[in-house]
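The residues of the chain are indexed from 1 along the displayed sequence. Note that ligands are numbered from 1 as they come in the structure, with each ligand's atoms numbered from 1 the same way.
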Amino acid sequence: DLVEQAKKKASYAAIDEHINANTHVIGIGSGSTVVYCVERLAQRFKSEPGLKIRACIPTSFQANQLILEAGLPLAELNAHPVIDVTFDGADEIDASLNCIKGGGGCHLQEKLVAAASKKFVVVADYRKESTALGIQWTKGIPVEVIPMAYVTIQKKIQGLGPCVTDSGNLILDVFLGVLTGDAAVTDAHLKLITIPGVVETGLFIGMAGWAYLGAADGSVKTLT
Ligand code: DER
């Protein structure tokens with residue numbers, strides 16, 4: 001269908017543009033779009049002897065399994081604290097490439113891997129592109145909190161939840177409305193991250209260097 005084709009086209013374009021003989025350590029995000037990144041990466045890993053992919057770093061149990069099943073070299077962030085390029089999806093992307101991520105409950109590990117990467121590349125279908133965060137994605141901003149703080153925080157920011165993360169923490173979805181412009185996005189993140197017990201938010205500010213957006217007509221738009 002159109003959405004899956006858009007995800008695939010965006011992912012293949014991103015891998016083909018950023019993977020070369022100099023990319024040795026690769027971060028693998030979470031969600032359904034990044035599956036196509038791994039598919040394309042595995043094809044090239046198997047067919048191009050010139051590639052020297054040494055380590056693929058997962059951002060979740062799902063990413064871990066994707067890497068294993070694709071026959072790519074699985075490694076952990078502590079063994080490769082500097083990553084050449086990371087590919088990940090997003091729930092929403094604005095014109096400055098700020099993202100809401102975490103719809104799949106993995107944004108803490110995703111942000112760690114993205115922050116450790118020289119290049120962070122987002123791949124998505126056309127549904128994720130938005131003029132301001134909060135317009136297309138109306139399920140709130142995922143906020144990871146430690147269990148002991150859950151009720152206190154929920155009273156403070158009226159979040160919906162919880163789901164349990166790979167780190168054993170809980171996720172609250174917090175509704176802060178439409179965040180127009182960098183200042184509003186940054187203010188929202190700071191409001192949340194300074195609450196005692198909050199581990200990380202799903203606001204990825206100024207982290208993505210590129211976004212590959214698959215369109216319904218089969219074309220791919222690159223934002224950078
Ligand atoms: O949870 C996440 O951050 C994922 O990357 C998610 O935002 C993207 O998932 P999708 O590719 O299945 O839409």
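- Scanning the protein for heavy atoms near atom 11 (O) of ligand 1, the closest one is T33 OG1, 2.7 Å.
- Which parts of ligand 1 touch K101 is read off a 4.0 Å heavy-atom cut-off, strictly below it: atoms 2 (C), 3 (O), 4 (C), 5 (O).
- Residue-ligand proximity, D88 to ligand 1, at heavy-atom distances under 4.0 Å covers atoms 5 (O).
- The 12-atom threshold is exceeded at CZ of F175, counting heavy atoms of other residues, nucleotides or ligands nearer than 6.0 Å.
- Listed by number with element, the atoms of ligand 1 under 4.0 angstrom from any heavy atom of G103 are 1 (O), 2 (C).
- The side-chain tip of K101 points at the ring of F204 from less than 6.0 angstrom away and within 45° of straight on.
- Below 4.0 Å from some heavy atom of K128 lie the following atoms of ligand 1, by number and element: 10 (P), 13 (O).
- The single protein non-hydrogen atom nearest to atom 4 (C) of ligand 1 is S30 O, 3.2 Å, given as residue, atom name and distance.
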When you look at I141 and D173, which way does the side-chain contact (heavy atoms from CB on, under 4.5 Å) test go after all the steps?
CA-CA 5 Å; I141 300 162; D173 293 320; over 6 Å; no
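- In terms of polar-atom proximity, defined here as any N/O pair under 3.5 Å, G104 does make such a contact with ligand 1.
- Taking every heavy atom of G31 and a limit of under 4.0 angstrom, the matching atoms of ligand 1 come to 9 (O), 12 (O).
- Ranking protein heavy atoms by distance to atom 6 (C) of ligand 1, first place goes to D91 OD1, 3.5 Å.
- In this structure, E110 counts as a contact residue of ligand 1, since one of its heavy atoms falls inside 4.0 Å of the ligand.
- Residue K111 qualifies as enclosed at atom NZ: its count of foreign heavy atoms under 6.0 Å is above 12.
- Summarising the local packing, NZ of K119 is surrounded by more than 12 heavy atoms from other residues, nucleotides or ligands at distances under 6.0 Å.
- In this structure, G29 falls outside the shell of residues with a heavy atom less than 4.0 angstrom from ligand 1.
- Around NZ of K46, the count of heavy atoms belonging to other residues, nucleotides or ligands within 6.0 Å exceeds 12.
- Screening R40, Q43, E17, K7 for a side-chain hydrogen bond (donor to acceptor under 3.5 Å, both in side chains) involving Y12 leaves a single residue, Q43.
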Walk me through it: do V85 and K118 pass the test side-chain contact (heavy atoms from CB on, under 4.5 Å)?
CA-CA 6 Å; V85 56; K118 295 174 194 166; over 6 Å; no
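- The option with the heavy atom closest to atom 10 (P) of ligand 1, from among A124, S32, G105, is S32.
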